[in-house]
Number of protein chains: 2
Amino acid sequence: MARKTGSHSRNTAPKVRDAALRLFARFGYAAVSMRRIAAEVGVQAGALYAYTPDKQSLLFELMNGHMKTLLKTAAIPRPRGDILNQIDNFTRVHIEFHLKRPDATFVAYMELRNLDAANFAVIEQLRRTYEDRLESLIIAGRESGLLTVPDSKLAVMAVIAMLTGVNTWFRDDGRLDRAGIVAIYQDMIRRALGAQN
Amino acid sequence: MARKTGSHSRNTAPKVRDAALRLFARFGYAAVSMRRIAAEVGVQAGALYAYTPDKQSLLFELMNGHMKTLLKTAAIPRPRGDILNQIDNFTRVHIEFHLKRPDATFVAYMELRNLDAANFAVIEQLRRTYEDRLESLIIAGRESGLLTVPDSKLAVMAVIAMLTGVNTWFRDDGRLDRAGIVAIYQDMIRRALGAQN
DNA sequence: GTCTATATGCTGATAGAC
DNA sequence: GTCTATCAGCATATAGAC
């Protein structure tokens, strides 16, 4: 209880991150001022600099955290199960993960150009790691004769673009629920990859 | 020859649009100032307002022109030919059109949130018109038994996301040329749509 | 940890000269 | 059609009080 007067920061750090994420997603990094983030949190602009050295770091931490969590969540825990099941699993996890985090997903895709060079390289590396995992599955599937893929790298790009695109049109009160969407995408992706199901 | 001193605007209008497009694509609408556009054109900031009433209109005109050109280019000139060929054609035209205009494509996708409400509605309508054309093809293919598509709307979103994603990774000095990429995407899209080829 | 006050500079847009 | 000059406001970030 050695807290000074005016100090109620126990929840401020996550509030800053939440406010920044929400505002960056909605209006874009460049269009959001530190004053606006502060107002959303309920402090003055200067107080934000107790939590981040500058605006750029705030953006980077949000994107870096998002990518790290993605890689952790999408870690393949069990190498057992055949390749088609693993690809179905990738499809499901990708859709569920990103639909659960629309703001972070949007920021991670839209604000890449607002990262400085060093930060961009870090995020780019994480993105590549994620893509490589999917490519490994596709290559394994092709080698075992379960898939017919003309080009594994293009297949990766096509599948990830399809999947991430879900976030752009999904609505909670829409015609299909998440499980239904996952099932349809699993079907389309298996087919696109030439699965002999 | 009734031109006043200091008047050399014959090429300025397109220069303004080109500069704005290039800068918006690279740094984002919100991060680009009118002064910076003017500097790129080689005039002072005030001179831009002879060509656009404000910055917002400049963005809207770029996006509106892009979408109108897309709809014109992708107009289906010949209803003859079977559905699979028409879908292959859609794939080819989409990829070629967008690879030819990387900046406009990028701006059209990234800057939607920076349109004011009225302008956004216009662009949204054009985008929907484009999607509806593809859906018509898919529905016709399904009805004639050529395609197996669990959900035509999701199929549209998946296909367009796949196709537009090409712009994010394509490089002119890359491993595959445009024709090669088109062929692979035609194959993956036919398969995704359950074509019995 | 948060406040107020401030520095330094850039923003979109307009007015009037030429 | 383009220039210069300018308005009024907001930007990021820091300093020092409490």
Look at [X] together with [Y] and state whether they make a salt bridge at an N to O cut-off of under 4.0 Å.
| X | Y | value |
| --- | --- | --- |
| A:Arg128 | A:Asp132 | no |
| B:Glu111 | A:Arg113 | yes |
| B:Arg178 | B:Asp172 | yes |

Atom pair distance, as rounded to whole Å: [atom1] in [X] and [atom2] in [N]:
| X | N | atom1 | atom2 | answer |
| --- | --- | --- | --- | --- |
| B:Tyr29 | C:dT11 | OH | P | 13 Å |
| B:Arg35 | D:dT2 | CZ | P | 18 Å |
| B:Phe27 | C:dC10 | CZ | P | 16 Å |
| B:Gln56 | C:dT11 | CD | P | 18 Å |
| A:Met34 | C:dT4 | CE | P | 17 Å |
| B:Lys15 | D:dG1 | NZ | P | 14 Å |
| A:Leu48 | D:dA11 | CG | P | 12 Å |
| B:Arg36 | C:dG12 | CZ | P | 11 Å |

Closest to the [X] side chain, choosing from [options]:
| X | options | answer |
| --- | --- | --- |
| B:Val43 | D:dC3, C:dG12, C:dT2 | D:dC3 |
| B:Gln44 | D:dT2, D:dC3, C:dC3 | D:dC3 |
| B:Tyr51 | D:dT2, D:dT6, C:dC3 | D:dT2 |

If you compare every side-chain N and O of B:Ser33 against the phosphate oxygens of C:dC10 (OP1, OP2), does one of them come in below 4.0 Å?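 No.
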Does A:Thr12 place a side-chain N or O at less than 4.0 Å from the phosphate oxygens OP1/OP2 of C:dT2?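 Yes.
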Determine whether the aromatic ring centres of B:Phe106 and B:His66 lie less than 6.0 Å apart.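 Not close enough - the centres of the two rings lie 6.0 Å or further apart.
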Which is more 5' along DNA chain D, the nucleotide nearest B:Ala45 or the one nearest A:Tyr49? Just name the residue.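 The residue mapped nearer the 5' terminus is B:Ala45.
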Residue among A:Leu71, A:Leu70, A:Thr69 satisfying side-chain contact (heavy atoms from CB on, under 4.5 Å) with A:Thr73: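 Going through A:Leu71, A:Leu70, A:Thr69 one by one, the side-chain contact (heavy atoms from CB on, under 4.5 Å) with A:Thr73 is satisfied by A:Thr69 alone.
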Base, sugar-phosphate alone, or nothing: which one does A:Val32 contact when heavy atoms must sit under 4.0 Å apart?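 Touches sugar-phosphate only.
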